[in-house]
Every structure is written in C-alpha cells, then in structure tokens.
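We count residues from 1, following the sequence as given. Atoms within each ligand, like the ligands themselves, are counted from 1 in listed order.
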Amino acid sequence: MDFRYTAEEEAFHKEVKEFLDKELPPGFLGIDPGPEEESRPEIFEIAVKMWRKFGERNWIGITWPKEYGGQGGTIWKEMVLLQELAYRGSPGMDLAIAQGEIILHFGTEEQKKKFVLPITKGEVKWAIGMSEPNAGTDTFNVQLKAVEEADCFVLNGQKIWTSGAHNAKWCMVYARTDANKHLGLSVFIVDLKSPGITMRRITQATGIPAFCEVFFDNVRVPKENLLGKKNGGWEILLFAFGAERTYGLFTIYNGKRYLEHLIQYCKETKDADGVPLAKDPIIRNRLAQLAIEMEVGMNMGHELNWMASKGMPTVKASSQIKVHGGAWCQRLANAGQQILGLYGPLNEDSKWVRLGGRIRHTYISSLSFTLAGGTTETTKNHIAGRFGLGLPKQV
Ligand SMILES: Cc1cc2nc3c(=O)[nH]c(=O)nc-3n(C[C@H](O)[C@H](O)[C@H](O)COP(=O)(O)OP(=O)(O)OC[C@H]3O[C@@H](n4cnc5c(N)ncnc54)[C@H](O)[C@@H]3O)c2cc1C
C-alpha cells in the first residue's frame with residue numbers, strides 16, 4: 001500500500017501550509033479539536049476570519065457538488081486540508097461540514113440552495129441539538145416536542161451540551177413528533193434567534209464556556225424547515241453519526257503536534273542532575289510507545305478514508321478510530337503532564353509555563369474526547385454489534 005499523496009495533493013498540501021503560515025498569528029500554539037474556539041472571543045475572531053478565507057478559496061465542502069458551492073473533489077483532497085488544520089490546531093476546523101452533508105443527503109432542493117451555499121462560503125455557524133438531560137447516549141429518548149399546526153411546528157423542551165449555540169445562526173434540532181420511541185423523531189432546522197429560544201452557557205472543566213443549554217418555549221418553526229420526512233429522524237440520526245467519522249482521526253493529527261513538541265522539550269531540557277530528559281529510559285519508552293500508537297491511528301485513518309472513497313460502509317472503521325484517537329490523546333496528555341512535572345499544572349499566564357500551557361489544557365479537554373460524538377462504551381457497542389463483529393445485542 002502506498003499512502004503518499006499524489007503530486008497534485010502534495011501541491012495542495014503545500015498551498016494549505018503556506019496559507020496557514022500566513023494567516024495564523026505568529027507563534028500561534030493551536031487549539032484542540034472541539035468547542036474550544038467557541039468560547040474564547042480572541043480565538044473565535046480568528047475562526048470567523050478563517051471560515052471566510054476558506055470560503056473564498058472554495059475549500060469548504062471540497063467533495064460536494066459544484067452547484068451547491070463544492071468542488072466535486074476527492075475525499076483525499078479534503079483530508080489533506082482537514083488533517084493539516086487539525087495538525088496545526090487551526091481555528092475554523094468546525095466548518096459545519098457534517099451539517100452540510102446531512103442537508104445534501106436529506107434536504108429538499110430549496111433547503112440545499114438556502115442552507116448549503118452559505119456554509120461553503122464560510123458565512124454561517126451551525127449547532128447540533130441532539131442531547132437532552134435524559135437523552136445522551138440514549139438519543140432516541142429525546143423529549144423536546146414538536147406539534148404540527150397549519151403552517152408550522154411548535155417546539156417546546158430543552159437541549160443541553162449544545163456546542164457553540166451562542167455563536168450559531170442555525171441549529172439542527174432533533175424533536176419528538178410521535179410517541180413511538182424510534183419512529184417518532186423528526187429533525188428541524190431552527191433559527192436560533194427565533195422568539196421563544198433562550199440559552200444558558202455551561203462552563204467546561206477547562207474553565208471555558210463552550211456549551212449551552214437551549215430552552216424552547218413555543219418556538220414556531222416553518223414547515224419548510226422540516227428536514228427529511230416527519231418521523232424519519234432515525235435515518236438522519238444514523239447518518240449524522242457517520243458524518244462525524246473523522247473526529248477520532250483529527251484528535252490524532254492534533255496530538256501529533258503535541259507529541260513533537262514534547263520530544264523537542266525532552267531533547268532541550270535537563271533534569272536536576274544535568275542529564276537530558278531524552279536520555280531517561282522511562283521517558284524514551286513512553287514517547288516511543290506514543291509514537292507507535294499514533295502511527296496505528298493514522299493508518300486506521302488511511303483505511304477509513306479509503307473505504308469512504310470507495311463508498312463502503314464506514315461505521316466500524318470510524319468507530320474504531322474514535323475509540324483509539326480519544327484514548328490516545330488522553331495517554332499523550334497524561335505522559336506530557338508527567339514529563340513536565342511541576343511545570344505541568346501551570347497555565348499560559350504563568351511566567352514558568354512550559355509549551356504554552358497547551359499540554360495542561362489538553363490534559364483536561366481530552367477527557368471529553370471519549371464522550372463527545374458518542375462515548376467510548378457506546379462506540380464499542382457499535383463495533384461489537386451488527387455493523388462490526390456481528391455480536392447479538394447485550395443483555
Ligand atoms: C465536548 C463535547 C461536545 C458536545 N457537543 C454536543 C453538541 O454540540 N450537541 C449535542 O447534542 N450534544 C453534544 N455533546 C453531548 C454528547 O453527545 C453526550 O455527552 C454523549 O452523547 C453522552 O451522553 P451523556 O453525557 O448524557 O452521558 P450518558 O448517556 O448519561 O452516559 C453516562 C455514562 O454511561 C455510559 N453508558 C450509557 N449507556 C450505556 C450502555 N447502553 N452501555 C454501556 N455504557 C453506557 C456512557 O458510555 C457514559 O460513560 C457534547 C459532549 C461533549 C463532551
């Protein structure tokens with residue numbers, strides 16, 4: 001197998017790297033994948049600028065059809081871009097690609113024109129309204145109710161953990177339109193500025209408020225904003241999990257940079273006896289182990305992308321890399337904290353901070369990598385079940 005980029009992809013990779021060198025602030029240390037960019041205004045400002053610039057270059061939705069603003073390009077080309085963005089920790093990684101793909105798959109012609117084009121131009125931010133206080137892993141337990149009236153659906157209820165809702169224009173809301181647990185969900189595209197919507201920010205363990213609770217009080221959603229069929233939400237839900245297939249891979253590319261920084265730190269730093277950390281057998285062993293596991297994850301990513309490029313089902317492959325990538329990042333941050341020792345817990349404001357305090361941040365934020373987009377336990381259930389090992393349902 002040859003995993004090298006083609007000459008054309010190599011040229012695109014160079015273009016992306018040069019673009020990031022020019023557009024990211026000098027000495028930018030990067031952010032973690034996930035909602036970090038939502039909650040720090042100075043980072044969100046960069047993210048908005050990056051979306052616009054990606055849009056101008058036609059880099060959002062590279063694989064999407066040209067008539068909806070895409071390039072009709074290959075998955076490989078898109079991966080060249082997304083992997084480099086993840087590696088550099090660039091703001092703007094959240095390009096609403098998953099939402100665009102869902103609309104392209106289930107939307108009407110009007111919805112595709114109205115909602116997908118602004119995504120490809122980098123003009124709007126989206127949020128996902130799946131989780132509720134009693135519907136996380138058990139998504140089919142969604143209780144937020146949508147009642148059909150003559151010209152609209154009226155929504156009442158609550159969502160939680162809605163990343164970046166405070167910055168978003170639209171939210172893809174999963175709502176109950178029938179009592180039947182699995183066949184009673186529908187999906188609505190909701191304008192988050194609609195009357196009847198209120199929000200409350202939730203602060204994460206990292207100290208940044210990236211999430212919202214979103215409350216719906218008689219929110220009127222026009223009928224043309226129903227996505228797919230009424231009570232057909234189950235189909236969109238399954239597709240949505242697939243559309244997030246690359247999350248695990250991005251945690252690995254993001255962590256690759258931290259691993260490189262740690263290796264450099266160990267080469268440059270001496271212990272109390274004046275011996276370089278890089279000569280310590282335990283540290284060498286930990287770094288080598290992390291490097292092996294990183295390579296495994298990247299190869300899993302190549303396989304996943306190859307399967308996607310051939311139109312093969314990717315549930316098992318994307319679930320595997322999600323489990324591996326999240327746990328690997330946690331092991332990486334754990335090793336990093338131990339290597340940094342007493343410098344580890346310092347944040348970026350301390351004059352003694354090492355590596356910009358990023359390892360400390362990842363140590364805390366990576367706790368969420370085994371939760372967001374499906375917990376490790378449920379993801380393993382998917383791998384064990386009918387899309388993977390074919391085991392019968394658990395008792
Ligand atoms: C960083 C981050 C961003 C997020 N962004 C969004 C967002 O934008 N929009 C959104 O809607 N949601 C979002 N979420 C919510 C996320 O989807 C949920 O946290 C996740 O689905 C788990 O649900 P829960 O937190 O209610 O945990 P629970 O479902 O209550 O699970 C608690 C624990 O029990 C385990 N468990 C549950 N059921 C089983 C089972 N059947 N078998 C074995 N173990 C089980 C779980 O694995 C977990 O360890 C985000 C979460 C995080 C961490």
Side-chain angles (χ1 to χ4, degrees), residues 31-40 93-99 102 125-144 155 157-176 181-182 185 187-190 192 199-216 233 236-238 240-244 247-248 250-251 254 319 322-323 325-327 329-330 333 361-386 388 391-395:
I31 57 166
D32 293 343
E36 185 178 351
E37 72 186 29
E38 306 294 350
S39 44
R40 293 171 51 196
M93 270 186 280
D94 166 19
L95 306 173
I97 285 188
Q99 283 73 43
I102 293 169
K125 159 113 199 79
W126 281 68
I128 305 169
M130 263 187 209
S131 306
E132 296 182 6
N134 290 313
T137 299
D138 187 9
T139 321
F140 283 105
N141 197 35
V142 158
Q143 297 300 318
L144 186 143
L155 273 54
Q158 179 197 346
K159 293 291 168 186
I160 194 168
W161 317 126
T162 322
S163 302
H166 55 289
N167 289 325
K169 158 100 177 119
W170 299 106
C171 186
M172 215 169 257
V173 175
Y174 291 71
R176 180 148 302 285
K181 185 169 178 180
H182 292 96
L185 288 189
V187 179
F188 298 92
I189 298 173
V190 178
L192 284 170
M199 289 182 205
R200 194 157 59 195
R201 306 275 294 269
I202 306 175
T203 302
Q204 285 180 283
T206 48
I208 50 181
F211 296 132
C212 294
E213 284 180 288
V214 186
F215 301 94
F216 295 73
I236 302 181
L237 190 66
L238 295 184
F241 287 136
E244 296 216 32
Y247 183 75
F250 296 155
T251 58
N254 193 253
S319 300
K322 165 87 179 46
V323 170
C329 247
Q330 290 173 355
H361 183 93
T362 304
Y363 182 74
I364 303 171
S365 75
S366 63
L367 294 173
S368 73
F369 296 176
T370 46
L371 290 169
T375 68
T376 290
E377 293 77 15
T378 33
T379 312
K380 282 185 182 167
N381 264 340
H382 289 149
I383 296 168
R386 100 185 138 95
L391 301 180
K393 274 193 172 172
Q394 67 186 38
V395 285

Heavy atom of the protein closest to [atom] (residue, atom name, distance):
| atom | result |
| --- | --- |
| atom 9 (N) of ligand 1 | Ile128 O, 2.8 Å |
| atom 49 (O) of ligand 1 | Glu377 OE1, 3.2 Å |
| atom 15 (C) of ligand 1 | Ser131 OG, 3.3 Å |
| atom 21 (O) of ligand 1 | Gly136 C, 3.6 Å |
| atom 19 (O) of ligand 1 | Trp161 CD1, 4.2 Å |

Numbered in order shown, the ligand 1 atoms found under 4.0 Å of a heavy atom of Ala372 are 1 (C), 2 (C), 3 (C), 51 (C), 52 (C), 53 (C)

Numbered in order shown, the ligand 1 atoms found under 4.0 Å of a heavy atom of Asn381 are 42 (N)

Can you confirm whether Arg201 is buried at CZ, in the sense that more than 12 heavy atoms of other residues, nucleotides or ligands lie under 6.0 Å from that atom? yes

Is it true that atom NZ of Lys380 has more than 12 heavy atoms of other residues, nucleotides or ligands lying nearer than 6.0 Å? no

Rounded to the nearest 0.5 Å, how far apart are OG1 of Thr362 and CG of Asp32? 3.5 Å

Just verifying a value: how many Å separate Phe215 CZ and Leu155 CG, rounded to the nearest 0.5 Å? 15.0 Å

For ligand 1, is Tyr174 a contact, meaning one of its heavy atoms is under 4.0 Å away? no

Under the 3.5 angstrom rule, does the side chain of [X] hit a backbone N or O of [Y] as a donor-acceptor pair?
| X | Y | answer |
| --- | --- | --- |
| Lys159 | Tyr174 | yes |
| Glu132 | Leu144 | yes |
| Lys322 | Gly374 | yes |

Side chain to side chain donor-acceptor pair (under 3.5 Å) partners of Glu213, counting only residues at least two apart: Gln158, Arg200

Verify atom 11 (O) of ligand 1: protein non-hydrogen atom under 4.0 angstrom away: yes

Can a protein heavy atom be found under 4.0 Å away from atom 30 (O) of ligand 1? no

Hey, does [X] come in under 3.5 Å of ligand 1, counting only N/O atoms on both sides?
| X | answer |
| --- | --- |
| Thr162 | no |
| Asp138 | no |
| Glu132 | no |
| Met130 | yes |
| Thr137 | yes |
| Ser163 | yes |

If you take all heavy atoms of Arg40 and Ile31, which pair is closest and at what distance? NH1-CG2, 4.4 Å

For Phe369, what residues pass the ring pair (Phe, Tyr, Trp, His ring centres under 6.0 Å) criterion, not counting sequence neighbours? none

If you define the side chain from C-beta out and look only at heavy atoms, does anything of Met199 sit under 4.5 Å from Leu192? yes

With heavy atoms under 4.0 Å as the rule, classify the contact between Gln394 and ligand 1 as side chain, backbone, both or neither. side chain

Taking 4.0 Å as the limit for heavy-atom contacts, which would you say applies to Thr375 with ligand 1: side chain only, backbone only, both, or neither? side chain

